[in-house]
Amino acid sequence: MRATARVRSTLQAALARVAAKGGLGEANPGDVRDFVIERPKRAEHGDYATNVAMIAAKRAKKPPRAIAEALALELGADDVIRSAEVAGPGFVNLRVQPAVLHDELEEILREGTSYGKAPSATKERIHLEFVSANPTGPINVASGRNAIYGDTVGRLLEATGNRVTREYYINDFGNQIRLFAASVRAAAKGEPIPEDGYHGEYVQELGTFLTRNAPAIVESGGEDLARLCVTYMLRGIPGSSSLPGIRTSLASIGVYFDNWFSEESLHRWGAVPAALAELENKGFLKAKDGAVFFVMPDKDGKAADDKDRAVKKSDGNYTYFASDIAYHADKVARGYDRLITVLGADHHGYVARVRNALEALGLPSEKYEALLYQLVYIFRNGQAVKSSKRAGNFVTIEEVADEIDDAAGRKGAGSDAVRFFFLSRSASTNVDFDIDLAKKESLDNPVFYVQYGYARLSSILRKAESQGFSIPKSLSSAQWQKLAHEDELALSMRLSEFPQIVEDAAESREPHRVVFYLQELAREFQSYFTRMKVDPILPPDSIRSAENWEKTWDSEKTMARLAWIVAIRNVYAAGLALLGVSAPEEMRRPSDAADT
RNA sequence: GCGCCCGUAGCUCAGCUGGAUAGAGCGCCGGCCUUCUAAGCCGGUGGUCGACCGUUCGAAUCGGUCCGGGCGUGCCA
């Protein structure tokens with residue numbers, strides 16, 4: 001962060017001067033690390049606050065306030081720091097010169113919506129596996145959380161200089177798929193669906209569709225039918241609303257993949273037996289009761305898992321875990337620096353298993369990173385709904401999004417609202433999702449508040465152009481000086497936080513930090529916007545109707561504020577794009593739109 | 001039993017790599033549209049941060065014990 005970096009170096013220089021004058025006692029300024037320069041919670045504590053004096057106090061063996069006083073004296077006023085004062089137990093509160101903020105705004109204008117992003121993808125090559133929902137049913141709300149969380153982590157990682165490959169692992173092998181194909185076949189032939197089979201309406205629809213288009217394959221059943229079922233579950237049935245296809249559903253909430261990786265292909269190419277053979281050679285497999293187990297390795301003298309895990313069942317079939325070993329070995333072989341998998345908390349036991357298997361294979365298990373999110377619980381009118389694909393009892397992500405589209409009167413509003421809803425909670429929190437409440441309160445979603453701010457900013461710029469102002473792309477420092485209102489500078493300060501927010505959010509894999517930042521930014525702007533109606537950015541008609549109004553109107557100030565508006569709008573746009581949420585140029589309350 | 005996550009305002013949640021008077025949205029009460037979008041703004045209401053001990057100049061934040069909720073602990077995926 002430019003502004004912060006300048007404050008930091010100014011502070012360090014001042015600290016060195018304090019030391020030179022003996023203010024740090026025995027301690028060297030270089031010893032004073034781990035201090036923070038942060039934005040205080042309270043505005044009256046300045047633009048920045050630092051605990052450096054309190055950190056230095058221990059080494060210097062001097063009271064924190066004495067060091068703080070000396071530091072504040074050295075900081076005095078220069079071209080970066082406007083004022084420095086000591087507060088509380090030894091904080092130094094700093095206010096920066098407006099020019100520091102003006103420089104930051106100028107940078108935002110220069111970088112546009114790239115502001116806050118790393119210049120190029122040079123950090124890591126990252127493989128990001130997420131969703132990977134069984135292709136035996138549509139994308140439900142729970143999978144939606146995975147999709148939205150994973151996708152946004154991907155966006156954050158890209159923004160911070162990584163190259164990300166997004167992959168959906170298709171579980172198109174094994175019991176569930178066989179069962180699914182059998183259910184589809186039964187439905188197609190008008191026979192009863194197996195007890196433990198799949199009962200959703202879409203099963204019937206798929207059966208009917210396949211009977212019409214590929215009767216021979218339906219008749220024969222078997223592998224070919226299973227594959228065909230998976231294909232249409234992913235692709236969808238043309239024109240069907242109950243079977244839009246997993247791919248389409250995900251696209252409708254802004255989630256896309258680079259690769260769709262088939263579990264079945266691992267078996268077809270012998271990758272599974274190959275991986276197991278290697279484990280066998282290294283002594284990690286053990287037969288018991290006709291089945292084969294992966295023996296948990298030791299780690300630091302302790303068992304790395306609770307128990308041995310089956311890789312081959314006594315009926316001769318491989319387990320899901322066996323495929324997963326081969327799958328992760330394959331990921332490693334593809335040469336990524338980091339393998340991230342997004343998993344629901346119900347899969348958390350899996351993490352140790354995969355890591356142990358990679359280690360046993362002699363592969364770098366530290367590349368493997370699992371992102372766990374807590375589960376989503378579905379409610380209808382306050383009643384818990386057991387979501388089950390087999391029972392055909394689930395709520396699709398599109399159903400929810402479509403409802404909100406209707407309420408808001410805008411296509412895409414539902415995707416925005418659902419994304420924002422999930423992203424505003426940290427992954428470690430359980431989510432209760434009440435369908436009826438979500439529909440009823442859909443317009444209360446905070447996403448619209450943020451978008452409304454963006455629409456207002458856009459509206460100001462439109463209006464300015466219609467009045468003949470040209471939107472500035474850059475200002476001189478003399479021109480920037482017109483931007484001097486306390487609230488305008490405070491908001492500029494807020495903008496300067498954005499790059500750090502993005503970095504922290506990416507580093508911690510916590511998209512909600514961006515969400516909360518945008519809400520704060522929106523609040524600050526909307527408050528300013530309403531309160532400043534007495535001192536408008538643009539000349540109102542009452543002034544413009546007067547003769548020679550240009551002579552009395554401060555157009556320089558208008559230009560400075562317009563440039564500032566562009567900067568704010570850039571940060572909004574950049575932030576919303578990171579969340580995969582749209583930035584509408586115009587927004588009207590749905591009830592107003594209905595009136596016209 | 002063991003492992004992971006959670007417990008903060010009436011509700012939904014931020015804040016957790018220790019800092020100043022614990023925040024937001026929704027709800028509730030009261031105000032603000034003849035000038036850049038009222039999906040807005042301003043003010044008010046509302047909290048023993050699950051409990052107790054400990055570490056610290058300082059704990060919602062770190063450690064321990066306990067209580068409560070979710071998930072896992074399959075030769076299912």
Side-chain angles (χ1 to χ4, degrees), chain A residues 34 36 38 40-42 44-45 49 51 54 57 63-64 87-91 93 132-134 136 171 173-177 179 263 288-293 305-307 309-315 317-321 323-324 344-352 372-375 377 408 421 424-432 434 437 441 443-449 451-453 455-464 467 508 512-513 515-516 519-520 523 526-534 536-544 558 561 565 586-592:
Chain A
D34 298 332
V36 294
E38 58 187 2
K41 288 176 201 153
R42 309 177 65 83
E44 61 263 36
H45 291 151
N51 62 351
M54 291 185 283
F91 290 104
N93 293 336
S132 301
N134 275 356
T136 52
N171 301 127
F173 185 86
N175 269 341
Q176 295 309 317
I177 279 301
L179 201 55
E263 178 186 4
K288 190 182 148 203
D289 304 332
V292 180
F293 289 78
D305 201 351
D306 297 334
K307 52 170 79 170
R309 305 289 174 179
V311 291
K312 198 168 189 177
K313 299 182 261 184
S314 50
D315 66 6
N317 287 315
Y318 291 110
T319 64
Y320 175 80
F321 179 46
S323 307
D324 231 24
D346 52 342
H347 285 68
H348 87 261
Y350 230 75
V351 178
L372 297 168
Y373 62 93
Q374 297 300 311
L375 300 180
Y377 299 94
F421 174 82
S424 62
R425 281 149 177 78
S426 87
S428 57
T429 311
N430 287 111
V431 171
D432 289 346
D434 192 307
L437 215 58
E441 296 177 351
L443 297 185
D444 290 334
N445 192 302
V447 73
F448 299 124
Y449 178 80
Q451 291 180 317
Y452 183 59
R456 279 181 148 176
L457 290 160
S458 305
S459 170
I460 294 169
L461 297 178
R462 275 196 304 272
K463 181 124 186 171
Q467 290 184 351
S508 59
H512 75 267
R513 294 181 189 229
V515 170
F516 282 86
Q519 284 182 263
E520 280 164 25
R523 201 161 31 243
Q526 309 238 45
S527 169
Y528 164 88
F529 182 81
T530 311
R531 284 180 291 110
M532 291 301 279
K533 281 189 172 167
V534 289
I537 296 169
L538 300 172
D541 292 342
S542 55
I543 285 179
R544 283 160 45 87
T558 294
R561 284 167 153 189
I565 293 287
E586 201 174 343
M587 257 176 108
R588 301 279 168 190
R589 218 211 300 220
S591 57
D592 294 354

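Not measured: the values here are computed from a predicted model. First the proteins, then the strands, lettered A, B, ... as listed; each starts at 1.
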Supply the atom-to-atom distance S424(A) OG to R513(A) CZ, rounded to the nearest 0.5 angstrom.
15.0 Å
Rounded to whole Å, please give me the gap between CZ in R425(A) and C1' in C5(B).
16 Å
Heavy atoms, side chains only, cut-off 4.5 Å: are R425(A) and Y373(A) in contact?
no
May I ask whether H512(A) stacks on the base of A14(B), given the cut-offs of 5.5 Å between ring centres and 30° between planes?
no
Between NZ on residue K463(A) and CD1 on residue I537(A), distance to nearest 0.5 Å:
12.0 Å
Rounded P spacing from C16(B) to G63(B) in Å
15 Å
Classify the nucleic acid contact of A310(A) as base, sugar-phosphate or nothing, counting any heavy atom under 4.0 Å across all strands shown.
sugar-phosphate
Check V311(A) against F321(A) and note the closest heavy-atom contact, atom names and distance.
CG1-CD2, 3.8 Å
Whole-angstrom distance between G64(B) and A59(B), as gauged at atom C1':
15 Å
Nearest-neighbour nucleotide for the S314(A) side chain, A14(B), U37(B), C75(B) considered:
C75(B)
Listed nucleotide nearest any side-chain atom of F448(A), set G25(B), A39(B), G72(B):
A39(B)
5'-to-3' dot-bracket of RNA chain B (Watson-Crick, G-U; under 3.5 angstrom; crossing pairs as [ ]; | other strand)
(((((((..((((.....[...))))((((((.......))))))....(((((..]....))))))))))))....
Between F529(A) and I460(A), which heavy-atom pair has the shortest distance, and what is it?
CE1-CD1, 3.4 Å
How long is the line joining CG of N430(A) and C1' of U12(B), in whole Å?
13 Å
Sugar-phosphate, base or nothing in reach of A464(A), heavy atoms under 4.0 Å
nothing
So, for D432(A) and F421(A), which heavy atoms are closest and what is the spacing to 0.1 Å?
O-CZ, 4.1 Å
So D315(A), base contact, sugar-phosphate only, or nothing? Heavy-atom distance under 4.0 Å.
nothing
What interatomic distance, in whole Å, is found between C1' of G58(B) and the corresponding atom of C67(B)?
28 Å
I'd like the C1' distance from G10(B) over to G46(B), given in whole Å.
8 Å
Which part of the nucleic acid, if any, lies within contact of N93(A), taking any heavy atom under 4.0 Å across all strands shown: a base, the sugar-phosphate backbone alone, or nothing?
base
Please give, in whole Å, the distance from C13(B) P to Y377(A) OH?
12 Å
Rounded to whole Å, CZ of R309(A) lies from C1' of G72(B) at a distance of 10 Å
Give, for atom NZ of K313(A) and atom CG of D289(A), the distance between the pair rounded to the nearest 0.5 Å.
15.5 Å
Output the single nucleotide from G70(B), U73(B), G19(B) whose closest atom is nearest the side chain of P89(A).
G19(B)
Given C75(B), G72(B), C5(B), the nucleotide with the shortest approach to the side chain of H348(A)
G72(B)
Rounded to the nearest 0.5 Å, the CZ atom of R309(A) sits from the OH atom of Y350(A) at a distance of 9.0 Å
Rounded to whole Å, the CG-P distance (D434(A) to U12(B)) equals 11 Å
Between G69(B) and C29(B), how far apart are the two P atoms, rounded to whole Å?
35 Å
Considering only side-chain heavy atoms of Y350(A), which listed nucleotide, A77(B), C75(B), G72(B), is closest?
A77(B)
Just checking K288(A): base, sugar-phosphate only, or nothing, at a heavy-atom cut-off of under 4.0 Å?
base
Ignoring hydrogens, what is the shortest heavy-atom contact between N51(A) and V36(A)? Give both atom names and the distance.
OD1-N, 2.9 Å
Whether T429(A) contacts A14(B) is assessed here as follows: a side-chain N or O lying under 4.0 Å from the phosphate OP1 or OP2. Is that the case?
yes
Counting only side-chain heavy atoms from C-beta out, which of C5(B), C26(B), A20(B) sits nearest to D444(A)?
C26(B)
Determine the contact category for A87(A): base if any of its heavy atoms lies under 4.0 Å from a base atom, sugar-phosphate if only primed atoms, P, OP1 or OP2 are that close, otherwise nothing.
base
Whole Å only: how far is the CE atom of M54(A) from the P atom of U56(B)?
18 Å
Among A77(B), G70(B), U37(B), which is the nearest nucleotide to the side chain of N134(A)?
A77(B)
So E586(A), base contact, sugar-phosphate only, or nothing? Heavy-atom distance under 4.0 Å.
base
Starting the side chain at C-beta, find the nucleotide from C36(B), A20(B), C75(B) nearest to T319(A).
C75(B)
Collect all protein-nucleotide pairs involving nucleotides 40-42 of chain B in which both atoms are nitrogen or oxygen and the distance is under 3.5 Å.
{"from": "G40(B)", "atom 1": "O2'", "to": "R456(A)", "atom 2": "NH1", "distance (Å)": "2.9"}
{"from": "G40(B)", "atom 1": "O2'", "to": "R456(A)", "atom 2": "NH2", "distance (Å)": "3.4"}
{"from": "G40(B)", "atom 1": "O2'", "to": "T530(A)", "atom 2": "OG1", "distance (Å)": "3.3"}
{"from": "C41(B)", "atom 1": "OP1", "to": "Y449(A)", "atom 2": "OH", "distance (Å)": "2.5"}
{"from": "C41(B)", "atom 1": "O4'", "to": "T530(A)", "atom 2": "OG1", "distance (Å)": "3.1"}
{"from": "C42(B)", "atom 1": "OP1", "to": "S527(A)", "atom 2": "OG", "distance (Å)": "2.7"}

What's the closest nucleotide to the side chain of P536(A) if the choices are C76(B), C36(B), U35(B)?
C36(B)
Could you report the tightest heavy-atom contact between N171(A) and S132(A), atom names first, then the distance?
OD1-O, 3.4 Å
Select base, sugar-phosphate, or nothing to describe what T136(A) touches, counting heavy atoms under 4.0 Å on all strands.
nothing
Is the shortest heavy-atom distance from the side chain of M587(A) to the side chain of F448(A) under 4.5 Å?
yes
Euclidean distance, atom CG of residue D432(A) to atom C1' of C26(B) [Å, nearest integer]:
16 Å
Side-chain N or O of S459(A) less than 4.0 angstrom from OP1 or OP2 on U37(B)?
yes
Distance check, P atoms only: G47(B) and C41(B), in whole angstrom units.
25 Å
Using atom C1' in both nucleotides, what's the gap between U48(B) and G31(B) to the nearest angstrom?
34 Å
If the cut-off is 4.0 Å, is K313(A) near the phosphate of C76(B), judged by side-chain N/O to OP1 or OP2?
yes
Kindly give the heavy-atom pair with the smallest separation between L372(A) and A427(A), and that separation in Å.
O-CB, 3.6 Å
What is the separation between atom CG on N445(A) and atom C1' on A24(B), rounded to the nearest whole Å?
14 Å
Tell me which nucleotide among G70(B), C13(B), C76(B) gets nearest to the side chain of F516(A).
C13(B)
Please determine, by modelled atom types, if T136(A) and Q176(A) share a side-chain donor-acceptor pair under 3.5 angstrom.
no
Taking any heavy-atom pair under 4.0 Å as a contact, classify I537(A): base, sugar-phosphate, or nothing.
base
When syn is taken as a glycosidic angle within 90 degrees of 0, is C33(B) syn or anti?
syn
May I ask you to evaluate whether K312(A) reaches the phosphate of C75(B), defined as a side-chain N or O under 4.0 Å from OP1 or OP2?
no
Between A49(A) and G349(A), who's closer to the 5' end of RNA chain B by nearest nucleotide?
A49(A)
Between G7(B) and C49(B), how far apart are the C1' atoms? Round to whole Å, please.
10 Å
